[in-house]
Amino acid sequence: MKTVYLVRHAKSSWKNMDLADIDRPLNSRGKRDAPFMGALLNEKGIKPDRLLSSPAKRAKKTANAFAKALDYPKNKIQKEAKIYEASVEDLFAVIKNCHNALNSVMLFGHNYTYTEFANLYAKPSLDNVPTTGVVAIEFQVEEWKDITTKNGKMLFFEYPKKYFSK
């Protein structure tokens, strides 16, 4: 069995409109939500074997906050360029390329792709994976290369607004 955790980056700042999209930092809500959601997963006993992050600053900062909460070494977070501006097919390629010794991977990335990917397995479908939302998908396979749209199921969907008011 293999498990993927899709984590949409925490809320980013639009304060400096001159920054390139890839360079946008987290805003105050993002800085609150990322450690909170990481701690929530830690309480659930989730210990991913590998963390992979988009190179976008907001995704890397989110990954760092989760790593701290999950006691995962920050220097072991892998940057994966394909996650930034990924299509669903790109995400499948990243996941299928994971080493088979890994049983669970956590990917830090972006919408709309995360919602589209999650909806391959969500019943009923999700309107949106919000910022710092986490979707867990379990695949009944022994090797990552064997994951398909037919052999996975969504285990859970968590997001900050379930716990915080606006």
Side-chain angles (χ1 to χ4, degrees), residues 1-10 12 20-26 30 33-34 37-38 40-42 44-123 125-126 128-159:
M1 219 161 0
K2 304 291 186 189
T3 306
V4 172
Y5 302 95
L6 297 178
V7 182
R8 183 175 171 201
H9 65 77
S12 62
D21 179 71
I22 200 166
D23 295 324
R24 285 192 291 115
L26 298 181
D33 290 351
M37 292 301 291
L40 181 72
L41 295 187
N42 189 48
K44 288 179 172 275
I46 293 170
K47 298 290 183 195
D49 297 323
R50 177 76 35 88
L51 272 61
L52 301 160
S53 178
S54 155
K57 185 174 186 175
R58 60 196 181 276
K60 291 188 298 185
K61 291 292 188 181
T62 303
N64 286 340
F66 273 69
K68 184 175 180 181
L70 298 171
D71 296 319
Y72 184 93
K74 287 182 186 179
N75 64 337
K76 299 282 188 193
I77 299 170
Q78 287 188 271
K79 186 170 70 173
E80 177 53 64
K82 286 183 183 177
I83 297 174
Y84 185 68
E85 298 183 335
S87 66
V88 169
E89 292 78 19
D90 293 333
L91 284 183
F92 269 111
V94 168
I95 296 165
K96 286 181 176 207
N97 208 26
C98 288
H99 193 282
N100 285 321
L102 306 172
N103 289 315
S104 60
V105 294
M106 188 172 282
L107 279 64
F108 296 84
H110 313 272
N111 247 358
Y112 294 97
T113 305
Y114 273 29
T115 298
E116 290 175 14
F117 193 97
N119 278 330
L120 295 171
Y121 308 100
K123 305 286 186 262
S125 65
L126 308 175
N128 180 44
V129 175
T131 52
T132 330
V134 180
V135 177
I137 304 165
E138 183 179 74
F139 294 92
Q140 300 294 321
V141 297
E142 295 299 318
E143 296 185 2
W144 290 108
K145 69 176 179 59
D146 296 328
I147 68 168
T148 70
T149 59
K150 300 198 182 339
N151 59 13
K153 70 173 182 175
M154 189 172 85
L155 297 176
F156 65 80
F157 172 43
E158 293 283 359
Y159 51 95

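The side-chain contact (heavy atoms from CB on, under 4.5 Å) test with M106 is passed by exactly one of T3, I77, L41: L41.
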- Would K47 and D71 count as a side chain to side chain contact (heavy atoms under 4.5 Å, CB included) if you check the C-alpha gap in whole Å, the side-chain angles of each, and the deciding distance to 0.1 Å? CA-CA 8 Å; K47 298 290 183 195; D71 296 319; 4.1 Å; yes
Requested in this report: I would like to know whether L126 and Y114 meet side chain to side chain contact (heavy atoms under 4.5 Å, CB included); could you show each step before the answer?
Outcome: CA-CA 10 Å; L126 308 175; Y114 273 29; over 6 Å; no
task: Decide side chain to side chain contact (heavy atoms under 4.5 Å, CB included) for T62 and V7; before the verdict, give the C-alpha distance in whole Å, the side-chain angles of both, and the deciding distance to 0.1 Å.
output: CA-CA 9 Å; T62 303; V7 182; 4.2 Å; yes
Between L102 and W144, does the side chain to side chain contact (heavy atoms under 4.5 Å, CB included) criterion hold? Intermediate values first, please. CA-CA 9 Å; L102 306 172; W144 290 108; 4.2 Å; yes
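Nearest heavy-atom pair, P55 versus K79, reported as atom, atom and distance to 0.1 Å: CB-CD, 3.5 Å. Closest heavy-atom contact between A118 and I137: CA-CD1, 4.4 Å. For the pair A69 and G38, the tightest heavy-atom approach, listed with the atom from each and the gap, is CB-C, 3.4 Å.
The aromatic rings of F108 and F66 lie perpendicular to each other, with more than 60° between the two planes, well past the 30° mark.
With sequence neighbours excluded, the residues that form a side-chain contact (heavy atoms from CB on, under 4.5 Å) with D21 are R24, R58, Y84. Take F157 and apply the ring-ring contact (aromatic ring centres under 6.0 Å, His included) test, not counting sequence neighbours, and it matches Y159. Considering only residues two or more places apart in sequence or on other chains, F117 meets the ring-ring contact (aromatic ring centres under 6.0 Å, His included) condition with F92, Y121.
One finds the OG1 atom of T115 at 9.5 Å from the CG atom of L6 (value rounded to the nearest 0.5 Å). Atoms NZ and NZ, on K60 and K74 in that order, are 13.0 Å from each other to the nearest 0.5 Å. Distance check, rounded to the nearest 0.5 Å: CG of L120 to CE of M154 gives 12.0 Å. Note that the CD atom of E80 and the CD1 atom of I95 stand 10.5 Å from one another [nearest 0.5 Å]. Note that CG of L155 is 7.0 Å distant from OH of Y5, once rounded to the nearest 0.5 Å. The structure places CZ of R8 at 8.5 Å from OG1 of T132, a figure rounded to the nearest 0.5 Å.
Judged by distance alone, the side chain of S125 and the main-chain N or O of N119 form no donor-acceptor pair under 3.5 Å. Formation of a donor-acceptor pair under 3.5 Å by the D49 side chain with backbone atoms of N103 is found in this model. Using a distance-only test at 3.5 Å, with no hydrogens or angles considered, a donor-acceptor pair links the side chain of K96 to the main chain of I147. A distance-only check finds a donor-acceptor pair linking the side chain of K2 to the backbone of N100 [under 3.5 Å]. Side chain of N64 to main chain of K61: no donor-acceptor pair is present (N/O by atom type, distance under 3.5 Å, no hydrogens or angles).
A side-chain N or O of S54 and one of H110 form a donor-acceptor pair less than 3.5 Å apart. With no hydrogens or angles considered, no side-chain donor-acceptor pair links N97 and K145 at under 3.5 Å. Using modelled atom types, one finds a donor on one side chain and an acceptor on the other under 3.5 Å when comparing N128 with N111.
The side-chain heavy atoms of C98 and L52, taken from C-beta on, include a pair separated by under 4.5 Å. Considering only heavy atoms from C-beta on, Y72 comes within 4.5 Å of R50 through its side chain. Contact annotation: the side chain of L107 approaches that of V94 to within less than 4.5 Å [non-hydrogen atoms, C-beta and beyond].
Within a 6.0 Å sphere centred on CD of E142, heavy atoms belonging to other residues, nucleotides or ligands number 12 at most. In this structure, F156 places its CZ atom where more than 12 heavy-atom neighbours from other residues, nucleotides or ligands lie under 6.0 Å away.
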